Amino acid sequence: MSNVLVTGGAGFIGSHMTYALLDRGDEVTVLDNLATGVRSLVAQQADFIEGDVADAGLVRDILRGRKIDAVIHFAGSVVVPESVADPLKYYGNNTAATRDLLEACIAERIGRFVFSSTAAVYGMPDETIVTEETPTAPINPYGRSKLMTEWMLRDIAKAHPFRFVALRYFNVAGADPAGRTGQSTPRATHLIKRACQAALGRAPALDIFGTDFSTPDGTGVRDYIHISDLIAAHLKALDALANGAESDVYNCGYGRGLSVREIVQAVERVAGIKVPTREGPRRPGDPAMLVADSGKLKRTLGWTPQHGDIDEIVKSAFEWERRLA
Ligand SMILES: NC(=O)c1ccc[n+]([C@@H]2O[C@H](COP(=O)([O-])OP(=O)(O)OC[C@H]3O[C@@H](n4cnc5c(N)ncnc54)[C@H](O)[C@@H]3O)[C@@H](O)[C@H]2O)c1
Ligand SMILES: O=c1ccn([C@@H]2O[C@H](COP(=O)(O)OP(=O)(O)O[C@H]3O[C@H](CO)[C@@H](O)[C@H](O)[C@H]3O)[C@@H](O)[C@H]2O)c(=O)[nH]1
């Protein structure tokens with residue numbers, strides 16, 4: 001049994017992580033400032049503390065007082081176009097705030113850290129499918145703010161008794177199969193959620209951002225990963241660190257790219273409802289295509305994806321969305 005601090009645990013991914021840790025008997029403390037998080041998504045058996053990861057005094061008190069063994073760091077700002085419009089928010093809340101969190105972790109001798117990185121660190125890759133060796137060249141402030149954090153982690157791991165796993169998530173979607181949590185972020189910008197909202201008549205139409213990309217149907221291509229498979233990767237990472245694994249970086253995706261139009265079709269199949277769409281210009285900061293080679297995650301950490309079927313992903317997202325009413 002471990003004693004885990006989950007930052008950003010009131011958010012989409014962190015709330016699923018919290019349930020998964022509790023389900024296997026770990027103890028969980030959630031630290032979240034509720035900037036985009038939702039208090040009611042935090043499992044009742046978790047201890048919830050409302051606060052900021054940059055509040056070093058608070059974080060040190062939590063780490064020491066609760067005898068935390070490992071930190072999983074989800075807290076951050078996550079919207080690519082917003083990072084283009086307001087870069088300092090991203091360098092502040094992702095890079096600088098994480099620096100402060102890490103300082104507290106080092107001071108309290110935390111040795112195990114799992115970090116939410118992103119496919120956005122690759123930018124506009126030349127390869128159709130990216131491995132962890134693909135050069136990092138982010139094309140938006142969001143990706144740069146996360147890559148800088150990866151650099152900090154590498155440097156810290158050389159200087160201190162501290163080991164980390166950075167998981168580069170591709171596009172995370174779906175919801176807890178048990179229906180306990182899902183994506184409830186107000187004003188969420190993610191494609192699958194938006195398409196479900198449009199199907200349910202909660203938005204007049206789904207905007208398709210760009211139809212002139214160099215992709216088979218002209219719309220953006222992404223590797224959508226089910227939240228349950230993503231959470232499973234975190235459990236593997238935590239266990240590997242507990243067993244002495246070296247610090248490392250892993251892609252999290254399926255190696256399968258789907259276009260915006262293919263997602264619309266999946267939502268229509270699952271919902272049995274036509275999704276009204278509106279074609280418009282590209283969104284600032286968006287690459288044409290991002291697809292993961294996650295062979296390293298499978299080989300090294302023994303990750304076995306189980307929920308890759310796009311209709312299963314969309315169905316869980318749609319069911320959650322319908323209940324949100
Ligand atoms: N959703 C995706 O597809 C995706 C893909 C790649 C990486 N990520 C990363 O995963 C992490 C979680 O993303 P999400 O989709 O769950 O987003 P989210 O917005 O639902 O969750 C982020 C949580 O962090 C909290 N938070 C933000 N700044 C904070 C701060 N300074 N102190 C304390 N709490 C703070 C928010 O209130 C929220 O609950 C982020 O770091 C994001 O960059 C997400
Ligand atoms: O209403 C919408 C929303 C999105 N898209 C398109 O759908 C694709 C996916 O967009 P979105 O769901 O917003 O995700 P990304 O911009 O790819 O970013 C997500 O995936 C990244 C990793 O790939 C993460 O780092 C980010 O945090 C996360 O928001 C892109 O081609 C968008 O242009 C639309 O056409 N209409």
Side-chain angles (χ1 to χ4, degrees), residues 6-17 30-39 41-42 49-55 58-59 72-83 89-90 92-94 96-98 100-101 115-122 130 138 140 142-143 145-146 149 166-173 181-195 197-198 203 205-211 213 215 219-225 227 230 251-253 258-261 263-264 277-292:
V6 176
T7 78
F12 167 46
I13 303 174
S15 63
H16 287 83
M17 186 79 239
V30 167
L31 174 64
D32 197 300
N33 66 5
L34 299 182
T36 55
V38 179
R39 175 68 181 90
L41 295 185
V42 180
I49 296 169
E50 186 172 342
D52 202 290
V53 294
D55 183 342
L58 172 65
V59 174
I72 314 184
H73 179 39
F74 295 100
S77 301
V78 311
V79 181
V80 172
E82 184 190 43
S83 80
K89 173 173 177 180
Y90 280 69
N93 202 40
N94 290 351
T98 303
D100 295 342
L101 170 70
F115 172 60
S116 302
S117 190
T118 167
V121 299
Y122 296 112
V130 298
N140 50 55
Y142 170 70
S145 73
K146 290 281 185 172
T149 301
L167 296 174
R168 292 177 176 163
Y169 317 159
F170 285 62
N171 291 54
V172 189
T181 184
Q183 193 167 29
S184 294
T185 325
R187 297 176 301 283
T189 54
H190 295 93
L191 175 65
I192 292 182
K193 185 173 175 81
R194 283 272 183 98
Q197 288 173 332
L206 172 76
D207 288 307
I208 298 184
F209 297 134
T211 52
F213 286 105
T215 57
T219 65
V221 169
R222 298 287 185 278
D223 189 344
Y224 295 90
I225 174 173
I227 182 82
L230 182 82
N251 285 343
C252 299
L258 292 169
S259 72
V260 175
R261 291 194 203 286
I263 293 298
V264 169
T277 57
R278 208 161 42 195
E279 296 187 0
R282 294 182 186 191
R283 212 172 50 173
D286 272 358
M289 177 159 173
L290 277 174
V291 179

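In listed order, ligands and their atoms are each counted from 1. As the structure is a computational prediction, the values presented were derived from the model and not from experiment.
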> Go through ligand 1 atom by atom and flag the ones less than 4.0 Å from a non-hydrogen atom of His190.
1 (N)
> Within a strict 4.5 Å, meaning less than it, do heavy atoms of the Phe12 and His190 side chains meet?
no
> Consider ligand 1: state whether an atom of it lies below 4.0 angstrom from any non-hydrogen atom of Gln183.
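Contact check Gln183 vs ligand 1: negative.
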> Is there at least one pair of N or O atoms, one from Asn93 and one from ligand 1, spaced under 3.5 Å apart?
yes
> Between ligand 2 and Leu290, is the shortest N or O to N or O distance under 3.5 Å?
no
> Out of Tyr90, Phe12, Tyr169, who gets a non-hydrogen atom closest to atom 20 (O) of ligand 1?
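Among Tyr90, Phe12, Tyr169, the closest heavy atom to atom 20 (O) of ligand 1 comes from Phe12.
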> Can you find an N or O of Gly11 that's nearer than 3.5 Å to an N or O of ligand 1?
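Right, the criterion is met.
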> Do any nitrogen or oxygen atoms of Gly14 come within less than 3.5 Å of a nitrogen or oxygen of ligand 1?
no
> Heavy atom to atom 21 (C) of ligand 2, shortest distance: which of Thr118, Asp207, Thr219 holds it?
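When every heavy atom of Thr118, Asp207, Thr219 is considered, Thr118 comes closest to atom 21 (C) of ligand 2.
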> Does ligand 1 have an atom under 4.0 Å from some heavy atom of Thr7?
no
> Looking only at distances, please establish whether an N/O atom of ligand 2 is found under 3.5 Å from an N/O atom of Phe209.
yes
> Would you say ligand 1 has an N or O under 3.5 Å from any N or O of Ala97?
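No; every N/O pair is 3.5 Å or more apart.
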> Between Phe74 and ligand 1, does any nitrogen or oxygen pair lie at a separation below 3.5 Å?
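The answer is yes, given that Phe74 and ligand 1 share an N or O pair closer than 3.5 Å.
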> To which of Thr36, Asn94, Val38, Asp100 does the heavy atom nearest atom 18 (P) of ligand 1 belong?
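Closest candidate by heavy-atom distance is Thr36.
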> Going by heavy atoms, is Gly51 under 4.0 Å from ligand 1?
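Under 4.0 Å: yes for Gly51.
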> Polar contacts were defined as any N/O atom of the residue lying under 3.5 Å from an N/O atom of the ligand; does this apply to His73 and ligand 1?
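No, there is no polar N/O contact under 3.5 Å.
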> Among all protein heavy atoms in this structure, tell me which lies nearest to atom 15 (P) of ligand 2, with the distance rounded to 0.1 Å.
Asn171 ND2, 3.6 Å
> For ligand 1, find out whether one of its N or O atoms is nearer than 3.5 Å to an N or O atom of Leu31.
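No; the residue has no nitrogen or oxygen that sits under 3.5 Å from a nitrogen or oxygen of the ligand.
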> Non-hydrogen atoms of Tyr224 versus ligand 2: any pair closer than 4.0 Å?
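Yes; Tyr224 lies near enough to ligand 2 that a heavy-atom distance drops under 4.0 Å.
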> Please check whether Asn171 reaches ligand 1 - meaning an N/O of the residue sits under 3.5 Å from an N/O of the ligand, judged on distance alone.
no
> Among all protein heavy atoms in this structure, tell me which lies nearest to atom 1 (O) of ligand 2, with the distance rounded to 0.1 Å.
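Ranking protein heavy atoms by distance from atom 1 (O) of ligand 2, first comes Arg194 NH1, 3.4 Å.
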> Got the closest protein heavy atom to atom 30 (C) of ligand 2, with its distance?
Arg222 NH2, 3.7 Å
> Considering distance alone, does some N or O of Ser117 sit under 3.5 Å from an N or O of ligand 1?
no
> Is there a polar contact between ligand 2 and Val78, counting only N or O atoms under 3.5 Å apart?
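Checking ligand 2 against Val78, an N or O pair does fall under 3.5 Å apart.
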> For Phe170, which part has a heavy atom under 4.0 Å from ligand 1: side chain, backbone, both, or neither?
backbone
> Looking only at heavy atoms of Lys146, does any of them come nearer than 4.0 Å to an atom of ligand 1?
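Under 4.0 Å: yes for Lys146.
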> For Tyr169 and ligand 2, does the shortest N/O to N/O distance drop below 3.5 Å?
no
> Identify the closest protein heavy atom to atom 32 (C) of ligand 2: which residue and atom is it, and at what distance?
Asp286 OD2, 3.4 Å
> Is Ala10 near ligand 1, meaning one of its heavy atoms is under 4.0 Å from it?
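A heavy atom of Ala10 does come that close to ligand 1.
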> Taking the side chain as C-beta and beyond, is there a heavy-atom pair between Val264 and Thr277 under 4.5 Å?
yes
